[in-house]
Structure formats: structure tokens, C-alpha cells
Amino acid sequence: MKSPVLCIGEEQPKNCFTELQVLKGHFDIVRFLVQIDDFRCASAGDDGLVLVWNVETGERLQELRGHSQQITAITTITCKNEVTLNTSLITASSDRSLSLWDPDTGNRVQTISDLHSSVKCLLVLERLCVWLSGGEELCVWNRDFQLQCQRPNHSDTGITALIELPKNYIAAAMDKKIMIYSLTVSADSSVSVAEIRCLSDHQDQIRALINVNDGFFASGSHMGELILWNATEWNLLAYEHILWEESQAYNQTEIRMGAPKPSEMSIQHLTTNGNLILAAVGSGLYVYSIQTRSVVAYRKVAHDSNVLHTMLLSDSELMSCSEDGSVRMWEIQDLPLPAEPASSGFFGMWSFGRSNKQSGPPSKKVIDIPNIRMLELMGDLIGHSGAVQMFVSFKEKGLVTCSADHLLILWKNGEKQSRLRSLALFQKLEERGGL
């Protein structure tokens, strides 16, 4: 399907996504996308459906039906046999069940129902041939969907995120805390899990938890705290608190009226390429350097509403999507006016530091950090009519987005697609001419 977005290329020369194809099949909010291989992805959401798509053609390949309520988590699991690698899908649902699917046939291979509660997150540990589910309890399963061990937790929110750490350790986000667990595989292949440490440096609920590389992991909270952790010693390496400075100048009554809503400073999403961490903070974007432990670029208002998902395309290019229905491409550029006063524009709105007490020394402002850069809008992908939940990049094949409007959109390089069509037409004409 072609779209009026085709004309976007002239106005945005660095935006290659000038052709789109709308993919229909869901009946409610589409919250999840997961890449299966180089040409397939799966989508899932509040209608309980899992759909498998060919991202080259936009064809719907499989419809995985079985869950009676919304999907709460989805991931891939790869099984090796003597000849090939087979990728399957694991899904969790509010119907308190877990399912294993074959995306090639659409068959449900395994299912576990009547769980004590719904699962909020999944983590596959390929090396140990196990996978974990997190919610009101932490469970470890083998590839045959047999429960190996479980640990209840004592948090109202339960486990909301799981990541793998070096040396058979995992980190679990649980309200304001990060729990470190060790996994032990015995000689008979049974697995046990033990609680090792509790990291309680966050002062608000943890909204994002990611691996950075073998040495670090990072977490972000509802009140705008970004913490960088050592992945093997589990100690705090850097703490950045994104504060709103303007309201500090007013009296207490005006602070309450003028202060941002908590969601406006909440870290909704974190992503990394190993060198930089990109944080979605309210409706803004914040780029943090792991090497220098400082902010290198940011934009207070990147979208009209909260940013829900981000991606670093390179050390200078990134992408974000938002509740406002847009997907935007950004480039990190040098500031045109390095002497611009800190109180003007969006720079005066942010400060970074452990505290922001007026009686003490002033918090370091972003503008004071050497080599601070800005995010310049390079492309605006307009196609969805609802909040864009997330996206997956298939590099030269295109970009897939999903939304609250029940749709997926496959964005492609218009020039490349036009060349491919011309080439295909030329080949057909040649074939006919050769008859």
C-alpha cells in the first residue's frame, strides 16, 4: 500500500523511509514486536493474538490463537539440533498461562495454564538451556516447559524486568529494588536459584532495566533516576537524577502548580549500543556516555507526549516513538551557539546531580558540561493514529512499528523499493521479449 508519506523525502532528505505498508490483523492495542529471523517478526497485544509477518512482502504468515486475554510478554527461544537452528516463540498472558509456539506452522507446542498469577517478563538463557518468567514469583523452566525451581517474592508490584548478568547471575527489577540471583546447574541438569544481593539505591519504582555490556548494566526509575551498575560486583558506578530546575525558583504553592507530572520525568525506556545509553524521559530524550559518565546530548521536548520506545542506530543517530503517534529520527549534532546562556530554551529546564538544594552549590547544568551536543530532528514518520508502542529495525529491509490504533506499519526505503520494482519490470519485459 502506498501513502502520501511518499512526498516526505523531499522535505526530509535524511529520512529514507518514504514508503509505507499498513499491516492489519489485530483487533486491539499492539504492544509487542519481536524479530524471529532476518525476514520475519511477530506482533502481539491486548487481543491475545500473536501474528507472524514477512517484513519483505508484508504478508501475514501465521495467526497464533490460544490466549484468552492480553499478551503480557513475548520472546524468542532458539533450539539447536544436529542440522538446523529452530526459533520458537514463548508468550505470557493475563489469562495466567505460558505458551510455546512454532512460528513456521502456527502450532502451539507447549502450554502451561493455571499459574498463580500472570507473568510480566521473560528471559531466555540459551547457554544454560533454561528460561525464566517473572511476576509475583520467579520461575525457572527448561526447554520442555518443565518447572525447575521457583521463588516467591514479597513485592506488591512483582518482578517487572529480568536481565542476564555474567557468571550465571541475573538481575530482577522489583518495585524500587534490584534483586541479584545466582543460578546453579547441578550434574543431573537440575537448576536452583538463590538470592544473593538486594540493590536499593533507587528511590522510586524502576521502569527500565537493561544490559549495557559484559561490564555494566543500567536502570531507570519513575522519578528520573538513571543508575549505571557494575555487572560483576553489582555496585553503583554512576547516579544521574534528572531534575526540573525552573520550579525551584518559586514558592512552595507555585511549585505544586508548576511542577511537572511524575510521568514527565519518568524514564519509560532505556536502550544502549555499548557506548551510549539512550533514555526516554517523559517526552524528552537523554543520551548518556558510559565512557565519560556524563550526558552528551539531550532534548527536553522530543515529542508531544511520553516517549515509549527508543533505539540507537549509531553513535550519532537514534530513533524514538511516542504516545503522540509519531516515530522520529534524530541526529546528534554540535551546538550552533556554545555560549548560549544556560537559562534559555530547553537547557534551563534540566539539571543533573544527586541533589538540587538551593543552599548548597548549584547542580551541574547540562550546558556546563564540555562538548554538550543537541539532537536535531532528521525525520518524522507519520502514519499511526494512536500511540506508537515500539518498533523493530530490519536494517535495509525496513522498520516495523506497532500502535494503539491496532495496526502495524512497515516503513521502507522508497528509492530502493522503486529501483527494485523497475528492475523487476525490466526483467519481465526481457523475459517476454525473449519468448
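On a predicted model such as this, the values are computed, not experimentally measured, just so you know.
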Give every residue pair that meets the side chain to side chain donor-acceptor pair (under 3.5 Å) criterion with at least one member in residues 397-409, sequence neighbours excluded.
H384-T401, H384-D405, T401-W411, S403-D405
For side-chain contact (heavy atoms from CB on, under 4.5 Å), just list the numbers for Y298 and V281, CA-CA rounded to whole Å, side-chain angles, deciding distance to a tenth of an Å, and then say yes or no.
CA-CA 10 Å; Y298 77 103; V281 188; over 6 Å; no
Going by ring-ring contact (aromatic ring centres under 6.0 Å, His included), name the pairs with one or both residues in [range], residues two or more places apart or in two chains.
range: residues 305-330; value: H269-H309, H309-F391
range: residues 24-46; value: none
range: residues 162-198; value: Y169-W234

Checking the side chain of [X] only, and the main-chain atoms of [Y] only, is there a donor and an acceptor separated by less than 3.5 Å?
X: R207; Y: S266; answer: no
X: N15; Y: G379; answer: no
X: T271; Y: M311; answer: no
X: D175; Y: K177; answer: no
X: R293; Y: A238; answer: no
X: R31; Y: M390; answer: no
X: T72; Y: A92; answer: yes
X: S322; Y: S305; answer: yes

Name the atoms and distances for all side-chain donor-acceptor pairs under 3.5 Å in residues 113-121, with sequence neighbours left out.
{"from": "K120", "atom 1": "NZ", "to": "T157", "atom 2": "O", "distance (Å)": "2.2"}

Sequence neighbours excluded, which residues qualify as side-chain contact (heavy atoms from CB on, under 4.5 Å) partners of [X]?
X: Q150; result: E137, C139, L147
X: T272; result: I210, V212, I277, I290
X: D144; result: N142, Q146
X: C16; result: N413

Please lay out, stage by stage, how Q291 and V296 fare under the test side-chain contact (heavy atoms from CB on, under 4.5 Å).
CA-CA 11 Å; Q291 184 178 4; V296 291; over 6 Å; no
Just by distance, with hydrogens left out, do Q205 and H222 show a side-chain donor and acceptor under 3.5 Å apart?
no
Only counting residues at least two apart or in another chain, list the ones meeting side chain to side chain donor-acceptor pair (under 3.5 Å) with N54.
none
Please say which of I36, T75, T76, L100 ends up in a side-chain contact (heavy atoms from CB on, under 4.5 Å) with S88.
L100
In this structure, which one of V327, L410, L399, D380 forms a side-chain contact (heavy atoms from CB on, under 4.5 Å) with F17?
L399
Rounded at 0.5 Å granularity, tell me how far CE in M319 sits from CG in L313.
5.0 Å
With rounding to the nearest 0.5 Å, note down the distance linking CG in L132 to CD1 in I159.
9.0 Å
Tell me whether K14 is salt-bridged to E331, with the criterion being a basic N under 4.0 Å from an acidic carboxylate O.
yes
Can you list every pair that meets salt bridge (charged side-chain N to carboxylate O under 4.0 Å, His left out) and has a residue in residues 159-172, with sequence neighbours left out?
R127-E164
Please, which pairs that meet salt bridge (charged side-chain N to carboxylate O under 4.0 Å, His left out) have at least one residue in residues 308-323, sequence neighbours excluded?
none
Parallel, tilted or perpendicular: rings of Y239 and H241 (30°, 60°):
perpendicular
